[in-house]
Amino acid sequence: MIFEKFTEEYKILANDFRCGNIVIDNFIKSSDALDENQGITYILLSEEKNFIIGYYNISASRIDRMEMVNDDTYYIPMGGTVNINYLAVDERLQHREIVENSKIYFGDYILRDCEKRIMKLRHDIGVMFVTLYSTEEGYHLYHDRNSYEDFEEDMSTFMEESNKTCYKLYKCVDDILV
C-alpha cells in the first residue's frame with residue numbers, strides 16, 4: 001500500500017470508489033478533489049496502484065471562540081487548524097483490520113497518515129488544531145478510537161451546508177501521537 005497525492009492519473013480509479021456515503025463518493029469523483037482551492041487530496045493505493053483503498057482531503061482554516069457582549073457575537077481566533085474535509089475507506093475494506101488481530105483498521109491507518117502530514121505542516125503554517133465534521137458512521141473512528149473531542153459550545157469554524165448534520169470534532173496537535 002502506498003499514499004500518493006491524488007492527480008489526474010488516478011481519476012479513472014475514483015470511478016470504482018464507494019464508501020457508502022454519496023457525498024463523500026461524489027467528492028473523489030469530482031474535479032474538486034483535484035482543485036487545490038478545495039484542499040489537497042491524498043489516496044491510499046493498493047500495491048499494484050490499481051485500486052483506491054481510501055482517501056482524505058485536508059485544508060487550512062482556524063477555530064474561533066465565540067463571545068457574547070450584550071447582543072453582539074464576537075469571534076476571537078483560538079488558533080490555526082488543518083481541517084480534514086473528507087476521509088473515507090472503500091466499503092469493501094471497511095471494518096477490516098490491515099493485519100488480522102492487529103486492531104488497526106484501514107480508517108485508522110489513513111487517519112494516522114493524515115495526522116503525520118499535519119504534524120509536518122504544524123510549524124510551517126501555524127497549526128494548533130485538527131478539525132473535522134464526522135458522519136454518524138465515522139464518529140466511532142474519530143471520537144472513540146482516536147481521541148477527537150466534540151466542539152465546545154463556544155467554538156466555531158466555517159461550516160458548509162452539507163456538514164450541518166455531522167458531528168463537529170477537534171483535536172489539539174499536541175495530542176497527536178506520531
Side-chain angles (χ1 to χ4, degrees), residues 1-7 10 13-14 17 19-21 23-30 32-46 49 51-63 79-91 93-99 102-151 157-160 162-163 166-178:
M1 296 181 297
I2 184 167
F3 283 97
E4 297 273 345
K5 185 175 178 183
F6 187 58
T7 61
Y10 298 118
L13 298 178
F17 184 85
C19 71
N21 180 306
V23 173
I24 297 171
D25 289 345
N26 285 343
F27 178 81
I28 191 72
K29 295 171 186 169
S30 75
D32 288 345
L34 295 168
D35 182 354
E36 291 184 352
N37 293 319
Q38 301 296 321
I40 305 297
T41 303
Y42 296 92
I43 55 176
L44 177 60
L45 292 164
S46 62
K49 293 189 174 185
F51 174 71
I52 296 176
I53 295 168
Y55 82 94
Y56 62 89
N57 174 279
I58 57 175
S59 64
S61 187
R62 77 173 197 212
I63 293 181
T81 181
V82 170
N83 192 57
I84 302 172
N85 300 312
Y86 298 94
L87 190 148
V89 175
D90 188 278
E91 61 189 356
L93 296 173
Q94 291 175 5
H95 312 292
R96 289 190 42 199
E97 295 172 322
I98 292 177
V99 176
S102 68
K103 300 289 185 201
I104 300 171
Y105 299 87
F106 284 98
D108 298 304
Y109 186 70
I110 293 169
L111 179 60
R112 196 69 56 235
D113 184 78
C114 182
E115 289 179 337
K116 285 179 186 177
R117 196 170 307 276
I118 290 167
M119 290 304 287
K120 290 177 186 174
L121 293 170
R122 179 182 190 180
H123 297 291
D124 291 336
I125 63 172
V127 176
M128 186 173 176
F129 301 102
V130 179
T131 55
L132 60 93
Y133 297 98
S134 175
T135 61
E136 188 171 334
E137 299 84 12
Y139 188 78
H140 175 70
L141 164 67
Y142 301 114
H143 186 270
D144 300 340
R145 290 201 323 252
N146 288 286
S147 304
Y148 280 76
E149 298 294 327
D150 293 298
F151 262 49
T157 190
F158 175 78
M159 178 185 282
E160 292 184 28
S162 61
N163 290 329
C166 293
Y167 296 93
K168 292 169 44 173
L169 301 172
Y170 77 100
K171 186 178 200 176
C172 292
V173 291
D174 291 341
D175 295 334
I176 292 176
L177 305 172
V178 283

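The structure displayed is predicted, hence computed values, not measured ones. Hydrogens, waters and symmetry mates play no part in the numbers below; they use all other heavy atoms, side chains included.
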Name of the residue among Asn85, Thr81, Asn83, Asn37 meeting side-chain hydrogen bond (donor to acceptor under 3.5 Å, both in side chains) with Ser59: Asn85
Contact summary for Ile58 and Val82, nearest pair of heavy atoms: CB-CG1, 3.8 Å
Non-hydrogen side-chain atoms of Leu44 and Val89 separated by less than 4.5 Å: no
Mutual orientation of the aromatic rings belonging to Tyr86 and Phe27 [parallel < 30°, tilted 30-60°, perpendicular > 60°]: parallel
NZ/NE/NH1/NH2 to OD/OE distance under 4.0 Å, Arg96 and Asp90: no
Between OH on residue Tyr10 and NZ on residue Lys5, distance to nearest 0.5 Å: 12.5 Å
Between Tyr109 and Phe3, ring centroids under 6.0 Å: yes
Separation between OH of Tyr133 and CD1 of Ile84, rounded to the nearest 0.5 Å: 12.5 Å
Test of ring centre spacing under 6.0 Å for Tyr55 and Phe17: yes
Heavy-atom neighbours of Ile125 CD1 exceed 12 at 6.0 Å: yes
Heavy-atom side-chain proximity of Val173 to Met119 below 4.5 angstrom: yes
Leu169 CG to Leu132 CG distance, which is reported to the nearest 0.5 Å: 5.0 Å
4.5 Å side-chain heavy-atom contact, Ile98 and Asp108: no
Spacing of Ile176 atom CD1 and Glu115 atom CD [to the nearest 0.5 Å]: 4.5 Å
Nearest heavy atoms of Ala88 and Ile24, plus distance in Å: CB-CG2, 3.5 Å
Rounded distance (nearest 0.5 Å) linking atom CG of Leu13 with atom CD1 of Ile52: 5.0 Å
Whether over 12 other heavy atoms sit under 6.0 Å from Lys120 NZ: no
Atom pair OH/NE2 of Tyr105 and His95 - distance to nearest 0.5 Å: 9.5 Å
Partner residues of Ser147 under the side chain to side chain contact (heavy atoms under 4.5 Å, CB included) criterion, sequence neighbours left out: Lys171
Modelled atom types, side-chain donor and acceptor of Asp175 and Tyr148, under 3.5 Å: no
Flag side-chain contact, heavy atom, 4.5 Å: Asp174 against Arg122: yes
Phe6 vs Asn57 side-chain heavy atoms within contact, under 4.5 Å: no
